[in-house]
S.K.: 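Questions regarding the structure given below will be posed in turn.
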Amino acid sequence: MAVIIKDDLCIGCGSCEGTCPFGVIEMKDDKAVINVGCTSCGACVESCPVEAIINIAEEVVLVGDKNSYKNVFVYIELYEGKPRNVGLELLGQGRMLADKMNQKLAAVIIGDKVADLAKEAFAFGADTVYLVEAPELKNFSTDGYAMAFEDLIQTYKPSVILYGATKDGRDLGPRIACRVRTGLTADCTGLGIDEETGLVAWTRPAFGGNIMATILCPEHRPQMGTVRPSVFKKPVPDYTKTGEIINVASKAKAEDIRTKLIDIIKIAGSSVNLHEAKIIVSGGRGMGKPENFALVQALADVLGASVGSSRAAVDAGWMPYPHQVGQTGKTVGPTIYFACGISGAIQHLAGMSSSEVIIAINNDPEAPIFGVANYGIVGDVLEVLPVLTEELKIALKK
Amino acid sequence: MEIIVCIKQVPDSASVKIDPETNTLMRQGVPAIVNPFDMHALEAALQLKEIHGGTITVVTMGPPQATEALRECVALGADKGVLVSDRAFGGSDTLATSYTLASAVRKLGKYDLIICGMQAIDGDTAQVGPSMAEQLEIAQLTFVSKVEINGDTVTVQREQDECYEVVEAKLPLLMTVVRSINDPRFPNVKGIMKAKKAKFDEFGLADLDVDETRLGLKGSPTKVSKIFSPPKRSDTVVIKKDTAKEAVAELITRLKDAKIV
Ligand SMILES: Cc1cc2nc3c(=O)[nH]c(=O)nc-3n(C[C@H](O)[C@H](O)[C@H](O)COP(=O)(O)OP(=O)(O)OC[C@H]3O[C@@H](n4cnc5c(N)ncnc54)[C@H](O)[C@@H]3O)c2cc1C
Ligand SMILES: Cc1cc2nc3c(=O)[nH]c(=O)nc-3n(C[C@H](O)[C@H](O)[C@H](O)COP(=O)(O)OP(=O)(O)OC[C@H]3O[C@@H](n4cnc5c(N)ncnc54)[C@H](O)[C@@H]3O)c2cc1C
């Protein structure tokens with residue numbers, strides 16, 4: 001859709017000027033003009049007393065024959081030689097999309113000596129595995145991996161590609177999308193098929209989680225998106241399943257790869273892998289001081305949980321950054337998430353609202369965290385936590 | 001060293017909401033700010049300039065009022081600012097945005113380093129940086145939390161989910177930065193005075209060497225088909241008791257009932 005102003009109808013009344021959420025409507029020579037920055041949201045359309053503002057379906061530039069593109073590809077990102085969870089989660093979603101479109105599901109595995117991992121991909125639902133192996137591809141590099149995908153797309157013409165919205169996925173995805181000139185929806189939390197068009201409907205948060213948007217890629221192929229980790233469940237693996245392995249020769253030469261991985265620095269505390277954690281106990285500014293995080297740790301110890309944190313606690317230096325949950329930290333999806341002295345700012349919710357059960361402790365009954373929590377205790381976290389830890393210790397012993 | 005910093009003017013996203021009736025964005029007096037991550041990009045550029053000399057050019061694509069964002073950057077020490085603005089650029093997704101920005105950067109001539117923020121807090125895609133690097137056919141280093149340049153070798157720390165990577169590449173390249181890379185400075189009086197008088201170059205459609213079918217809505221493969229408010233929960237069990245002991249007892253009973261413990 002595109003929003004346009006019909007010059008011949010516009011009476012220059014200015015009613016629309018203030019309705020634009022992006023402030024891109026301007027009065028010029030007694031006519032309203034829409035400037036760069038218009039997102040076609042349509043907020044201005046209703047405001048026009050003479051119906052000079054209309055939403056039109058714009059002409060599109062067709063690229064290639066979109067119907068020649070078939071099958072759903074899922075990128076299986078590796079970390080230390082193992083598939084990251086998000087790739088396996090996406091095989092579940094890819095299966096759902098492929099079935100609805102009556103197409104096949106393929107996993108893409110890139111690396112050096114990684115053929116072993118194909119059986120994982122089959123177990124989690126792939127019909128086919130595309131394997132791109134080369135010594136140059138041992139470590140992730142934007143250049144090497146983008147070349148591999150470019151080649152796969154041109155040769156095998158998938159209709160859909162899903163990537164994890166990890167650091168590397170968000171590095172690689174736009175590079176590939178730009179190279180093959182297609183659309184890429186960022187950091188999706190919902191996937192489906194649009195009933196009317198049969199296109200993939202990509203749903204994602206924007207404006208820091210204040211709004212959700214559903215995005216389509218009507219005329220370009222492949223339709224691509226990065227998908228947030230921990231939002232979807234991994235399918236139950238079935239290791240009796242097999243499929244076809246297609247070995248694809250890598251075209252990347254050492255000199256094509258312009259970046260070089262020199263070292264990997266592990267950070268203290270980063271052994272707590274929040275992405276994988278079943279239970280997370282997080283603390284925020286409401287913990288009052290760094291020493292009080294011992295109470296958070298104590299509850300985590302009793303539950304075998306990992307410790308998370310709000311950005312306020314990280315900024316205050318109470319917790320190291322790898323523990324930060326939220327829009328600019330980690331997205332997590334544990335079975336149980338405890339939010340202790342965390343207000344529930346939208347950027348924090350962005351990282352944990354897909355947890356199965358959320359339990360909040362906060363002394364402010366109006367705190368927004370209670371808007372997403374399943375259970376909330378209104379009270380002083382410093383009093384509640386020790387009691388909760390003791391009582392849960394007893395409850396779990398039984 | 002010639003450094004280009006890409007900045008975006010954004011609504012302060014914390015106060016953006018959806019009108020429940022019309023399902024459109026409400027802005028009502030939401031202030032426009034420079035995307036916070038881009039302030040870190042500018043600060044990184046300023047620090048590199050302090051060591052290596054050179055000039056810093058800030059580039060923004062947006063409506064005419066985005067010059068205010070450029071002004072803010074000049075107050076902090078940027079040397080020049082360019083506004084990329086034309087109706088033809090309206091409705092761009094990240095592919096069309098990066099195509100337009102890359103064309104503007106090409107027009108500026110020689111550069112060594114382009115710095116972007118990790119992401120803009122309105123669109124939140126983090127795609128414009130890498131996509132621009134591809135348009136310009138240069139290397140990219142994303143999520144950078146530390147940078148050092150020796151000759152034409154750039155060494156960065158890249159933030160990963162469970163570690164930092166030390167990665168090296170040669171100039172020219174594009175990098176995107178995270179918050180922890182630095183603490184942006186505040187403007188001083190001299191800077192503010194300079195910014196007041198600053199004039200900015202403006203690039204419109206006619207100034208750029210571009211394929212018009214790749215611009216704006218027409219050049220954007222992704223289409224926003226609908227926007228809506230995130231779903232709210234209505235079944236929260238709120239426990240309020242006189243003592244912590246009572247509250248915890250109630251919580252545990254409820255968790256047991258729901259078979260959570
Ligand atoms: C671009 C951007 C990105 C961001 N990214 C993130 C992110 O990734 N993650 C993140 O967490 N934040 C992020 N933020 C910050 C976010 O907006 C909030 O500022 C932050 O989450 C607040 O942390 P908090 O809840 O710990 O602190 P506060 O908001 O200060 O909340 C403290 C809470 O503790 C309660 N409290 C105080 N004392 C007690 C007590 N004794 N007992 C019980 N309760 C008590 C208070 O009622 C309050 O609700 C981001 C912000 C921006 C602008
Ligand atoms: C609700 C909604 C959802 C959207 N979802 C998508 C989507 O999934 N995929 C998609 O392709 N487009 C999407 N768009 C369009 C996208 O927001 C615009 O293309 C926007 O201009 C750039 O994306 P961004 O704000 O996410 O920037 P990001 O890519 O997050 O910005 C990263 C960095 O690039 C630089 N930069 C970005 N924009 C500019 C600019 N205008 N001028 C100078 N520097 C800049 C800054 O340094 C910034 O820190 C969406 C738009 C809306 C309204």
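Just so we're on the same page: letters track the sequence lines, and every chain starts at 1.
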S.K.: May I ask you to name which of A:Ser353, A:Gly329, A:Ala206 has the most heavy-atom pairs under 4.5 Å with chain B?
M.R.: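 Counting heavy-atom pairs under 4.5 Å, the top option is A:Ala206.
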S.K.: Non-hydrogen atoms of chain B under 4.5 Å away: do they reach the side chain of A:Val384, the backbone, both or neither?
M.R.: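 Answer is both: backbone and side chain atoms of A:Val384 are under 4.5 Å from chain B.
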S.K.: What I want to check is whether the side chains of A:Asp168 and B:Gln160 have a donor and an acceptor closer together than 3.5 Å.
M.R.: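 Checked: A:Asp168/B:Gln160 side chains pair up, N/O donor to acceptor below 3.5 Å.
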S.K.: Let me know if A:Ile359 has heavy atoms under 4.5 Å from chain B in its side chain, its backbone, both or neither.
M.R.: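 Side chain only.
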S.K.: Compare all side-chain heavy atoms of A:Asp315 with those of B:Arg179 and state whether any distance is below 4.5 angstrom.
M.R.: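 Side-chain contact under 4.5 Å: yes.
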S.K.: If we only count heavy atoms from C-beta on, is the A:Asp263 to B:Tyr164 side-chain gap below 4.5 Å?
M.R.: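 In short, these two side chains do not touch, never coming nearer than 4.5 Å.
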S.K.: Does any heavy atom of chain A fall under 4.5 Å from the side chain of B:Phe37, the backbone, both, or neither of them?
M.R.: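 It is the side chain, since no backbone atom gets that close.
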S.K.: Would you mind checking which part of A:Leu349 comes under 4.5 Å of any heavy atom in chain B, side chain (CB onward), backbone (N, CA, C, O), both or neither?
M.R.: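 Neither part.
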S.K.: What are the two closest heavy atoms between B:Gln119 and A:Gln327, and how far apart are they?
M.R.: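 Here B:Gln119 and A:Gln327 meet closest at NE2-NE2, 3.3 Å.
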S.K.: What's the spacing between B:Glu159 CD and A:Tyr321 OH if we round to 0.5 Å?
M.R.: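 One gets 4.0 Å once the value is rounded to the nearest 0.5 Å.
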S.K.: At a 4.5 Å cut-off on heavy atoms, which part of B:Phe143 comes close to chain A: side chain, backbone, both, or neither?
M.R.: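 Just the side chain, heavy atoms under 4.5 Å.
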S.K.: Which pair of heavy atoms, one from A:Arg175 and one from B:Pro130, lies closest together, and at what distance?
M.R.: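 Result for this residue pair: CD-O, 4.0 Å.
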S.K.: Supply the atom-to-atom distance A:Ile4 CD1 to B:Leu217 CG, rounded to the nearest 0.5 angstrom.
M.R.: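 Those atoms lie 11.0 Å apart.
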S.K.: Heavy-atom distances under 4.5 Å only: say whether A:Thr142 touches chain B with side chain, backbone, both or neither.
M.R.: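 For A:Thr142, side-chain heavy atoms alone lie under 4.5 Å from chain B.
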S.K.: For A:Asp380, is it the side chain, the backbone, both, or neither that has a heavy atom closer than 4.5 Å to a heavy atom of chain B?
M.R.: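 Neither; nothing under 4.5 Å.
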S.K.: Taking every non-hydrogen pair under 4.5 Å, which of A:Thr166, A:Leu388, A:Ile34 racks up the most with chain B?
M.R.: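 Option with the greatest count: A:Ile34.
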S.K.: Within this structure, what is the OG1-CG distance for the pair B:Thr125 and A:Leu184, rounded to the nearest 0.5 Å?
M.R.: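 Here the rounded value is 8.0 Å.
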S.K.: Count the heavy-atom pairs under 4.5 Å between each of A:Thr259, A:Val357, A:Thr189 and chain B, then report the option with the highest count.
M.R.: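 Most pairs with chain B among the choices: A:Thr259.
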S.K.: What residue, out of B:Ala120, B:Pro63, B:Ala66, B:Ala169, has the most heavy-atom pairs lying under 4.5 Å from chain A?
M.R.: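 Ranked by contacts with chain A, first place is B:Pro63.
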S.K.: Non-hydrogen atoms of chain B under 4.5 Å away: do they reach the side chain of A:Gln223, the backbone, both or neither?
M.R.: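 Neither the backbone nor the side chain of A:Gln223 comes within 4.5 Å of chain B.
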S.K.: Could you check which of A:Arg84, A:Glu390, A:Glu383, A:Glu26 has the highest count of heavy-atom pairs closer than 4.5 Å to chain B?
M.R.: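 If we count pairs closer than 4.5 Å to chain B, A:Arg84 comes out on top.
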S.K.: Heavy-atom distance under 4.5 Å between the side chains of B:Val237 and A:Asn374, does that happen here?
M.R.: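 B:Val237 does not reach A:Asn374 side chain to side chain.
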S.K.: State the CD1-CZ distance between B:Ile227 and A:Phe207, to the nearest 0.5 angstrom.
M.R.: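 If I round to the nearest 0.5 Å, the distance is 7.5 Å.
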S.K.: So which of B:Ala126, B:Ala249, B:Gly216 has the biggest tally of heavy-atom pairs under 4.5 Å with chain A?
M.R.: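 Of B:Ala126, B:Ala249, B:Gly216, B:Ala126 has the most heavy-atom pairs under 4.5 Å with chain A.
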S.K.: For each of A:Gly183, A:Pro365, A:Cys178, A:Cys217, tally heavy-atom pairs with chain B at distances under 4.5 Å, and name the one with the top tally.
M.R.: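 Result: the option with the highest number of such pairs is A:Cys178.
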S.K.: Can you measure from CE (A:Met224) to OG1 (B:Thr222) and round to the nearest 0.5 angstrom?
M.R.: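 One gets 11.5 Å once the value is rounded to the nearest 0.5 Å.
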S.K.: Once you round to the nearest 0.5 Å, how far does CD of B:Gln140 lie from CG of A:Asp143?
M.R.: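 Here the rounded value is 7.5 Å.
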S.K.: Could you check which of A:Val387, A:Ile215, A:Asp171, A:Thr226 has the highest count of heavy-atom pairs closer than 4.5 Å to chain B?
M.R.: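 Greatest number of close heavy-atom pairs with chain B: A:Asp171.
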S.K.: Would you say A:Trp202 and B:Ser225 make side-chain contact, with heavy atoms under 4.5 Å?
M.R.: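 Side-chain contact under 4.5 Å: no.
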S.K.: Does the side chain of A:Val378 reach to within under 4.5 Å of the side chain of B:Ile239, using non-hydrogen atoms?
M.R.: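 A side-chain contact under 4.5 Å is absent here.
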S.K.: Would you indicate whether B:Asp211, at its atom CG, is surrounded by more than 12 heavy atoms from other residues, nucleotides or ligands within a distance under 6.0 Å?
M.R.: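 Yes.
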S.K.: At a 4.5 Å cut-off on heavy atoms, which part of B:Glu246 comes close to chain A: side chain, backbone, both, or neither?
M.R.: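 For B:Glu246, neither part sits under 4.5 Å from chain A.
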S.K.: Mind listing the closest non-hydrogen atom pair of A:Phe370 and B:Thr236 along with its distance?
M.R.: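 Minimum heavy-atom separation between A:Phe370 and B:Thr236: O-OG1, 3.0 Å.
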S.K.: Heavy-atom pairs under 4.5 Å with chain A are the metric here; pick the option from B:Val261, B:Val154, B:Leu255, B:Asp93 that has the most.
M.R.: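 Sorted descending by pairs with chain A, the first entry is B:Leu255.
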S.K.: Taking all non-hydrogen atoms of both residues, which atom of B:Gln127 and which atom of A:Ala186 are closest, and how far apart?
M.R.: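 So the two residues come closest at OE1-CB, 3.2 Å.
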S.K.: Name the residue from A:Ile264, A:Leu261, A:Asn139 that meets the side chain to side chain contact (heavy atoms under 4.5 Å, CB included) definition with B:Val167.
M.R.: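 For B:Val167, the side chain to side chain contact (heavy atoms under 4.5 Å, CB included) test succeeds with only one of A:Ile264, A:Leu261, A:Asn139, which is A:Leu261.
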S.K.: Determine the minimum heavy-atom distance between B:Pro230 and A:Asn210, stating which atoms define it.
M.R.: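 Heavy-atom minimum between the residues: CD-O, 3.2 Å.
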S.K.: What part of B:Gln157 gets closer than 4.5 Å to chain A, counting heavy atoms only: side chain, backbone, both or neither?
M.R.: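 The side chain, not the backbone.
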S.K.: Should A:Asp194 and B:Lys226 be marked as a salt bridge (charged side-chain N to carboxylate O under 4.0 Å, His left out) after you check the CA-CA gap, both sets of side-chain angles, and the distance that decides it?
M.R.: CA-CA 12 Å; A:Asp194 180 60; B:Lys226 116 176 153 197; over 6 Å; no
S.K.: Write down the atom of B:Arg158, the atom of A:Lys167, and the distance for their closest heavy-atom approach.
M.R.: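 Of all heavy-atom pairs spanning B:Arg158 and A:Lys167, the closest is NH2-O, 3.8 Å.
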S.K.: Kindly indicate whether the side chain of B:Asp124, heavy atoms from C-beta on, has any atom under 4.5 Å from the side chain of A:Arg204.
M.R.: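 Yes; the side chains approach each other to less than 4.5 Å.
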